[in-house]
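Working notes, structure below.
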Amino acid sequence: MASTLKNFISLVKTEGLMRTSRYSIVLSPPKDMRGQRDMRKIQLFCSDVQIPGVTLSTTQIRMFGEVRESPYEKMFDNITLSFYVDNNMKVKQFFDDWMGVIQSPSSRNFGYYKNYITDMILSVEDTKDRKRYEVKLFECYPKNVGGISMAHESKEVMKLQVSMNDKNWTSRSCD
């Protein structure tokens, strides 16, 4: 037991542990919004993000009298991002406009899928700013742009939660 603990401590000292605060996102506007956005503010103001998960849907299959779970479908989780909202409300307006590209607020018609999707990259960095892990999400679009609670007695910074849908994602180590 003591040997296992010493090995653990040694590994932590030599290799370190990843921090949840060391990340960055790269998000480009979808086709119908290109040329009109400075994405730097959107990327810098991302205050929270999660590395997406994946689930295997399974079904029971009887093999030689024994029942086993067998996967038949891979399902990619939505990811939720939180953004600080700037004084000019540009961060909020960006996602409002994106939702307007998905469904026109005036005609209520839905846009073409290829015109409102984009790819996104989530990079995880170590304490020396080196990329260690990267997730690329394909065909992303906001599924939900959350409401923002406001109160006269509150002094908190305004934050916006956005749930992004994606087709799938891949990951890679960045050694």
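- Taken from OG in S163 to CG in N144, the straight-line distance is 6.0 Å, to the nearest 0.5 Å.
- Taking K131 as the reference, nothing meets the side-chain hydrogen bond (donor to acceptor under 3.5 Å, both in side chains) condition, with sequence neighbours excluded.
- Residues Q60 and E69 have side chains in contact (heavy-atom distance under 4.5 Å, counting atoms from C-beta outward).
- A single hydrophobic cluster is not seen to contain both F64 and V67; linkage of ILVMFWY side chains at heavy-atom distances under 4.5 Å, directly or through other members, places them apart.
- The line from CG of L160 to SG of C46 is 10.5 Å long, rounded to the nearest 0.5 Å.
- Residue Y84 holds its OH atom at 7.0 Å from CG of D48, rounded to the nearest 0.5 Å.
- For the pair K90/I42, no side-chain contact is recorded, criterion being any heavy-atom separation below 4.5 Å from C-beta on.
- Remark: E156 CD is loosely packed, at most 12 non-hydrogen atoms of other residues, nucleotides or ligands lying under 6.0 Å away.
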Can I get a per-line list of side-chain donor-acceptor pairs under 3.5 Å for residues 119-126, giving both atom names and the distance, sequence neighbours left out?
unit_1 : atom_1 : unit_2 : atom_2 : d
D119   : OD1    : E139   : N      : 3.0
E125   : OE2    : S24    : OG     : 3.2
D126   : OD1    : K128   : N      : 2.9
D126   : OD1    : D129   : N      : 3.2
D126   : OD1    : R130   : N      : 2.9
D126   : OD2    : R130   : NE     : 2.8
D126   : OD2    : R130   : NH2    : 2.8
D126   : OD2    : R132   : NE     : 2.9
D126   : OD2    : R132   : NH2    : 3.2

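- In this structure, the side chain of S82 does not engage the main chain of S47 through any donor-acceptor pair within 3.5 Å.
- Residues S28 and M39 form no side-chain contact, since every pair of their non-hydrogen atoms from C-beta on lies 4.5 Å or further apart.
- Note on residues 140-175: pairs passing ring pair (Phe, Tyr, Trp, His ring centres under 6.0 Å), not counting sequence neighbours, are F76-W169, Y116-Y141.
- Residues F83 and F94 place their aromatic rings such that the two centres sit no closer than 6.0 Å.
- Grouping the Ile, Leu, Val, Met, Phe, Trp and Tyr side chains by contacts below 4.5 angstrom, directly or via other members, places L56 apart from I61.
- Following chains of ILVMFWY side-chain contacts shorter than 4.5 Å, one can reach V49 starting from V54, so the two form part of one hydrophobic cluster.
- Side-chain contact between I102 and P142 is present, with heavy atoms from C-beta onward closer than 4.5 Å.
- Of the possible donor and acceptor atoms, none in the side chain of Q43 sits under 3.5 Å from a partner among the backbone N and O of V26.
- With hydrophobic clusters built from ILVMFWY side chains whose heavy atoms lie under 4.5 angstrom apart, V157 shares a cluster with M150.
- Atom CG of L137 is separated from atom CD1 of I51 by 10.5 Å, given to the nearest 0.5 angstrom.
- From Y112, atom OH reaches atom NZ of K31 across 11.0 Å, with rounding to the nearest 0.5 Å.
- Between E66 and R68 a salt bridge is recorded (basic side-chain N to carboxylate O distance below 4.0 Å).
- Atom CE of M89 sits about 5.0 Å away from atom CE of M158, to the nearest 0.5 Å.
- Considering only heavy atoms from C-beta on, P30 stays 4.5 Å or farther from I117 through its side chain.
- At least one side-chain heavy atom of T118 sits less than 4.5 Å from a side-chain heavy atom of W98.
- Between D86 and V91, the shortest heavy-atom contact is OD1-N, 3.0 Å.
- Looking only at side-chain heavy atoms (C-beta outward), T4 and K6 stay at 4.5 Å or farther from each other.
- Although no hydrogens or angles enter the test, the distance criterion places no donor-acceptor pair under 3.5 Å between the side chain of R108 and the main chain of S106.
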